[in-house]
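All of these numbers come straight from a predicted model, not from anything done at the bench. Values below: every heavy atom of this structure, side chains too, minus hydrogens, waters and symmetry copies.
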Amino acid sequence: MCFPRISFSFKKAKKRDDAPDVQLLETLESGAAIGEQAALPTSGAEPLPTGNENSPVPSHAANDSAVEATEDDPAASDPGRGAWRTAKAAAITALSLAEKILDGLPVPGAKGTIGAVLLIIQKIDKASANVETLKTLESQVNQLRDKALIPFHDNQQNLPDDLRKDLEDLLNTLDKLGQVWISRRNRGTGRRILDSTEDDLDLQDFNEGIRRAIAQFEFSGSIQLRLTQNQHTKDLTKISVAVNAIEIRSSSVNNLPRANEASFSSGRIGAPSLCFAGTRETILKTVQDWLVDKTRPNVFWLNGLAGIGKSTIAMTLSKNAHELELLGGSFFFSRGDKASSDPGLVFPTLAFQLAQYDSDFKQTLGNVLDNNPSYGYDSAQIQLDKLIISPLRDSQLRRKSLLFVIDALDECSHKEKTVELLQLILAYSNRFPSGLRVFITSRPENHIRSIFNQEHNVDKIVLHDIEASIVRNDIYLYLKEELTRLPKRLAVRVGPNWPKEDDLQALVEKSGRFFIYAATALKFVSKDPPRTPQRHLDILLGLRQVTNDKLLPYRDLDTLYLAVLRNAYPEDTEEENAERFRWVVGCIVLLLDPLPRDALGRFTLTDPDDISDTLYHLHSVIICPTSLKEAPHIYHPSFRDFLTERCEDRMFAVVRAEQERRLLLRCLDLMMETLTRDVAHVGNYWDDVSDSKHLKDAADRTLTPEIQYSCLHWATHLVYLKESDDEILTRLNSFASDHLLHWFEVMSLLSATPLAVFIIQDVHRWVVAFTSNERLKSLCYDGYRFILSYQVPIAKGPSQVYRSALAFTPKETLLYKMYQQELHNCLHVLHGVGPRWSPRLTTVQCGWGGSLTSVTYSPTGQYFATGTSSSRISVWDATSYDKVVSFDHDGEIYALCFTPDGHHLLSANSNGVICIWDIISSTAILSLDGHSAPIHSLSARPKTSIFASASVDATVRIWNWNITSGSQIALLPHGQAAVFSVVFFPDGSFHLLSGAADKQIRLWDAERSTVLRIFKGNTGPIRTLSISADGLQFASGSDDNSIRIFSLSGESDNDAISTLKGHTKPIHSVAFSPINSSQLVSGGPDEYMTCGWDINSQNVVATFRGKIAGIAYAPDGRTFISAHTDGTYRIWDAMATPEAKDPADHTDFVHALTFSLDGRLIATAGGHVERSVKIWDAIAGKHLHTLLGHDWAVYSLSFSPDGSKLASGSGDYTARVWDVESGTGVAVLHHPSYVKHIDFHEDGRQVVSQTDEMTYIWDLEHPEIPTDTKVGVGPDPTNSMYGLSEGFSIYMGEAHWLFMGPGSDERPVGAVPEEFRVCGFVFHSDRLVVADVSGSVLILDTSRLKKEFQV
């Protein structure tokens, strides 16, 4: 049963003014409208009787009325009796409706009461004496129904507890009132006439009871009002929740980093103007047709020379699209605003603007940012995908036409980032939602033009190639209208024919194709008195005419700029003012980020008012804000080009090299004047989040804009210079000697640690190229190795420059010697760090998604890629070693290979599937099936789209592909032998080598699918092949643990010209140096050693630690990368001196380490190769003894309580006891199996040892046999990365971070370098010992750290 809804107000069916707006609520939150009642009608339910005049009367009441009102009844015409009958019928109707409503309510007694009264009243036959009583009964029952029963029935599931109790009390009262009627019904219903005294009084009492019950209920408040209030409370709660959710999402969106001044509607000073009415109509129509034509490419490039009007067109297009509700966002690059020239803000800014355009997108984007607020600070690829493409697909906007406008791309502050930005847009353009278009304008700079030339699916217009007459007419209309308006705007008088047609035509002629000329001319003519507009125009028209527009396209523009400058600075200008012009304006045009006027004043050592005076007459070419906090900047980049490249007047020419030199020196001076240890006063703050907002805020509070500029850009000014001088060398020496680490701190504060790697590398290269100062070279190289090795912890906070970096810097380096006094409150390394930098440049943990399985370099050396056993493929920047992008290919990744153009990556997996990936967009564009088993090798044929794949299915397959399809073009069978390696010849021929499990190497003519030669020198399956750069020889790595070198020019089919022996395990990777065909490196996943070979001498010339799954040289041959089974990759300096192993360390895995009870001694135990035990002085961190005697790895160590003896348990089935002082053996304890645990008894005279199943007790005075044995052992010892001693605890967390403190007050105190692959960890007193899987032992003094915790 269902009932009509009622309005929750005093007046039925009237909506309250404060009722919630359902449409608004539906917008706020999906699902049912908040304002609706919870109890909804069920399908097929019977409608609720309402009791109005049209309501149907229950059948028993209707029948009764019909019987008693027939024409045959003599009382029908009796008015009194008629009134009585009417009252009786009305009472019956009211009671019947109430009874029906009570169906299903959880108060059965109330229904019984109503039923009893109804039954009895139906039978009564009484004169008018009872009419008033019956009328009163009808009224009371109707009130009961309307005020209580209907609302109760409708809202059973939606009642607050107090209201439910009040209703139940009311109905229980009704139940009690009706007991007399129920008993009367039970006595019989034969009476038709009520007793005039008793029954009439009872009925009156019943009426009065109902009245009192209702009055009591109403005393607590109207049910309708209370229901309404309750519903409103719920509504408001839901609204509040919805609003809070929206505010949270809005907050996430509003917190996106962005360039507010980059929008077309920002109103920034100097923003491009709109196209003048009637001009540029052809080009605008062309672009607008492209925008609505779904068959056209998604990207449009408008390019043209500086000043030709590209930005004006972009501004007009943006305005038109905005008015048509098509503009999703715009980004107008400008060097005049730091944020507006930052490529890292393009996609967050466009995403923010799109969120303001559409609330559905904003909600979707907010959800994305709720999951990861750092997307706005992530790589450009992640920004585009997560902030724009993915939310668009999930919102309603995916079906709508949208336009993004990106103007003046050439004004982007970083050329490399410009290329990346453009590549991303083009790569993703095929994945755009169907209606999304991107309009880009730029100059035809080489780095931009080369990207567009590679992409055919782009609409393009070269603006300066448009027919001259069209441009001329547009400029004519523009100049005529603006010059006509000018006198009124300036309130000046001009001649009657202003502007003269001849003057106008001459000005148009001088403008040529350049709107910037026309615009600048207007600014010049519009200058304030004393000269009139005609005077300024005469100056312009008296200038030299163009002689050859094609050869000198900027001549008139340059002449105009020179006229502006000479008007501001006449010939008699004092040299002091001219010099200030060159310095101040030179800074404005060459600073990579604009500085506010106050900061510019501090940078140039010029009073801000003097800067204003310098720029006072230059407002037609330089924007000069009045606020000290705003930056002066040029209107158009063509003015910068004029001053630095084409200006022939020495008074105004900014000589680029001289200005760059002054900028460099000023940057160095500012840094040396300002930078100190902990300059931002953040202490040992450690930022464990990705955006480092706390650190950046601290930097902004303490480092003024000119200091931040100097830290970020000093090296850019340096590397522009092509020669050095004493002043530069002196400043560089002082900076590197006293402030280099302070600078690294600031770069951490500015979240620019990766940038510091590029900067110091560029500085080192410049110093090597242009100076002979060996000390400076050493310091710069140390600085490069320092930041490269420790950039990950340094990015967490500036204190890690010392705690995690300087502490682990080799002690013989010049940098360590210069800065070691800064190591207070830091870890102190007693042993474990070499004296000089190792050939390993850096070690990077690729995440925790499995071991690395493959690695490859791109042909250009810009990137390298790694694959893992967990299907993850990552592409890395080969300079900063930052991850560029990651994607997944199902199954283990066994092989990777870049295409020859470097834009795509091939991957092959354990399922036999090949994927071709677009690197920039991380999209799989093709998937190729054909192999029936895992693919272990891929090789691309140089300069073609052909590649080969080698599989365990005993085939090599040759493929050809393009952007839309790929196909197999040849099959090279190998019988039943699995093929593990394939490689094309480097000369681009169709010849290739394959290595298989049948121990044979085949030379193929792949075009004809024929074998040309077979090489049979190996005695095990061929795992890897590499061809030398000169193509004359190749190397094979095999399961026979050897490397064989074969000649490709000889006649023998099976003889290796040399065999390189030194490995003890199968070799899975070999690689020739691309610049030296006598050098190669090799390694495998089962041996903790990578070898560098001189194949002429057949000697190992270097060894590198780690079990490897792959090796690849960089194309320049200076470095190589090794991919390791522990999930790291390592970059090695191929030109460096080989690393010397510390003879005190172990040579392989450290299985056990322990302290003596007093903490003065340390014992460590090596693996099955070395089989030694070493004793160390814990105080000095020095090696004391090496104990030899075991025939296998040592798994357990224990000092006696007095520290005089040491016990060791080994896999050789013995335990040995040693005299610590002499290092000699005391006893050998023989066991039936390997000894996994050993310990001294507290008396020092007995030893307890354990094997897998037994425990033994030995008396050292009679060590021949155990004194006692028992079945069973204690729990296995754990190798925990946690230690507790003298009230201090220390543990190692993720990424080797160390946390230390008293009790639970543990704080990050530094990070052990990633190059250490930790296998052991013990702590005692002030000493922490960390063991490495390669055998190195790191002994750290923690005493200096404890001062930090003293109160």
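Listed by chain and number, the residues in a side-chain contact (heavy atoms from CB on, under 4.5 Å) with Ser778 are Leu814 (sequence neighbours excluded).
A heavy-atom distance below 4.5 Å is not found between the side chains of His739 and Leu668. For the pair Ile1131 and Val844, the minimum side-chain heavy-atom distance is 4.5 Å or more. With a 4.5 Å cut-off on side-chain heavy atoms, Trp876 and Ile1121 do not count as touching. Contact check for Tyr802 versus Glu745: side-chain heavy atoms found under the 4.5 Å cut-off. Counting heavy atoms from C-beta outward, Leu670 and Tyr709 have side chains that stay 4.5 Å or more apart. Pro798 has its side chain within reach of Val682: a pair of non-hydrogen atoms, C-beta onward, lies under 4.5 Å apart. Side chains of Thr702 and Leu749 form no contact here, defined as non-hydrogen atoms less than 4.5 Å apart. Met747 is listed as a side-chain neighbour of Leu712, based on a closest heavy-atom distance under 4.5 Å.
Other residues, nucleotides and ligands contribute over 12 non-hydrogen atoms within 6.0 Å of the CD atom of Gln820. Applying the 6.0 Å contact sphere to NZ of Lys817 captures more than 12 heavy atoms from other residues, nucleotides or ligands. Within 6.0 Å of CZ in Arg1118 there are 12 or fewer heavy atoms belonging to other residues, nucleotides or ligands.
The two atoms that bring Thr843 and Arg840 nearest to each other are OG1-CD, 3.0 Å, heavy atoms only. The two residues His1183 and Ala1144 have their closest heavy-atom pair at CB-CB, 3.7 Å. Residues Ser1172 and Thr1186 approach most closely at CB-CG2, 3.9 Å, considering heavy atoms. Considering all non-hydrogen atoms of both residues, Pro810 and Tyr816 come closest at O-CB, 3.4 Å. Counting all heavy atoms, side chain and backbone alike, Leu830 lies closest to Ala1180 at CB-O, 4.0 Å. Across every non-hydrogen atom of Leu1298 and Met1292, the tightest pair is CD2-CE, 3.8 Å.
A side-chain N or O of Ser874 and one of Ser886 form a donor-acceptor pair less than 3.5 Å apart. Side-chain atoms of His831 and Asp1145 form a donor-acceptor pair, as typed in the model, at a separation below 3.5 Å.
A donor-acceptor pair under 3.5 Å is formed between the side chain of Thr1342 and the backbone N or O of Asp1326. Panel note: side chain Arg1327, backbone Ala1178; a donor-acceptor pair is recorded below 3.5 Å. The closest donor-acceptor contact from the side chain of Tyr1195 to the backbone of Ser1208 lies at 3.5 Å or more, if one exists at all. A donor-acceptor pair under 3.5 Å is formed between the side chain of Arg1317 and the backbone N or O of Glu1314. Between the side chain of Gln821 and the backbone N or O of Met818, at least one donor-acceptor pair lies under 3.5 Å. Remark: side-chain polar atoms of His764 are not paired, donor with acceptor, to backbone N or O of Cys780 under 3.5 angstrom. For the pair Arg677 (side chain) and Glu822 (backbone), a donor-acceptor distance under 3.5 Å is present. The closest donor-acceptor contact from the side chain of Asp782 to the backbone of Thr813 lies at 3.5 Å or more, if one exists at all. Under a 3.5 Å cut-off, the side chain of Lys811 and the backbone N or O of Val829 do form a donor-acceptor pair. Between the side chain of Tyr819 and the backbone N or O of Asp738 there is at least one donor-acceptor pair closer than 3.5 Å.
Between Phe864 and Tyr1129, the ring planes are perpendicular. Angles over 60° get that label, and only those under 30° would be called parallel. Between Trp714 and Trp743, the angle of the ring planes goes over 60°, which puts this pair in the perpendicular group of the 30/60° scheme.
A salt bridge links Lys696 with Asp700: the distance from a Lys NZ or Arg NE/NH1/NH2 to an Asp or Glu carboxylate oxygen falls below 4.0 Å. Salt-bridge annotation for Asp669 and Arg731: present, with a side-chain N of the basic residue lying under 4.0 Å from a carboxylate O of the acidic one.
Just one of His1151, Lys1174, His1146 meets the side-chain hydrogen bond (donor to acceptor under 3.5 Å, both in side chains) condition when paired with Thr1164; it is His1146. Looking at Asp1133, Leu815, Thr809 one by one, the single match for side chain to side chain contact (heavy atoms under 4.5 Å, CB included) with Trp837 turns out to be Thr809. Checked options Tyr1291, Phe1288, Phe1323; the residue passing with Phe1299 is Tyr1291 (criterion: ring pair (Phe, Tyr, Trp, His ring centres under 6.0 Å)).
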*CA sep, side-chain torsions, deciding dist, call: Leu841, Tyr881, side-chain contact (heavy atoms from CB on, under 4.5 Å)*: CA-CA 11 Å; Leu841 297 175; Tyr881 308 117; 4.3 Å; yes

*Ser1336 and Asp1142: side-chain contact (heavy atoms from CB on, under 4.5 Å), yes or no, with the steps?*
CA-CA 8 Å; Ser1336 296; Asp1142 190 328; over 6 Å; no

*Verdict with reasoning, Leu740 to Ile760, per side-chain contact (heavy atoms from CB on, under 4.5 Å)*: CA-CA 10 Å; Leu740 185 58; Ile760 201 65; 4.1 Å; yes

*asked:* Checking Tyr857 against Thr1119 for the side-chain contact (heavy atoms from CB on, under 4.5 Å) test, could you report, in this order, the C-alpha distance in whole Å, the side-chain angles of both residues, the deciding distance, and whether it holds?
replied: CA-CA 11 Å; Tyr857 259 101; Thr1119 60; 3.7 Å; yes

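Taking the ring centroids of Phe786 and Phe744, they lie under the 6.0 Å cut-off.
Annotation: the span from His1324 atom NE2 to Leu1161 atom CG amounts to 10.5 Å, rounded to 0.5 Å. Taking OG1 from Thr842 and CZ from Arg1130, the interatomic distance works out to 10.5 Å, rounded to the nearest 0.5 Å. For the atom pair OG (Ser748) and CD (Gln800), the distance works out to 8.5 Å, reported to the nearest 0.5 Å. Note that NE2 of His414 and CG of Leu755 are 7.0 Å apart. Values are rounded to the nearest 0.5 Å. Atoms CH2 and OG1, from Trp766 and Thr771 in turn, are 6.5 Å apart once rounded to the nearest 0.5 Å. Atom CG in Leu1345 sits 12.0 Å away from atom NE2 in His828 (nearest 0.5 Å).
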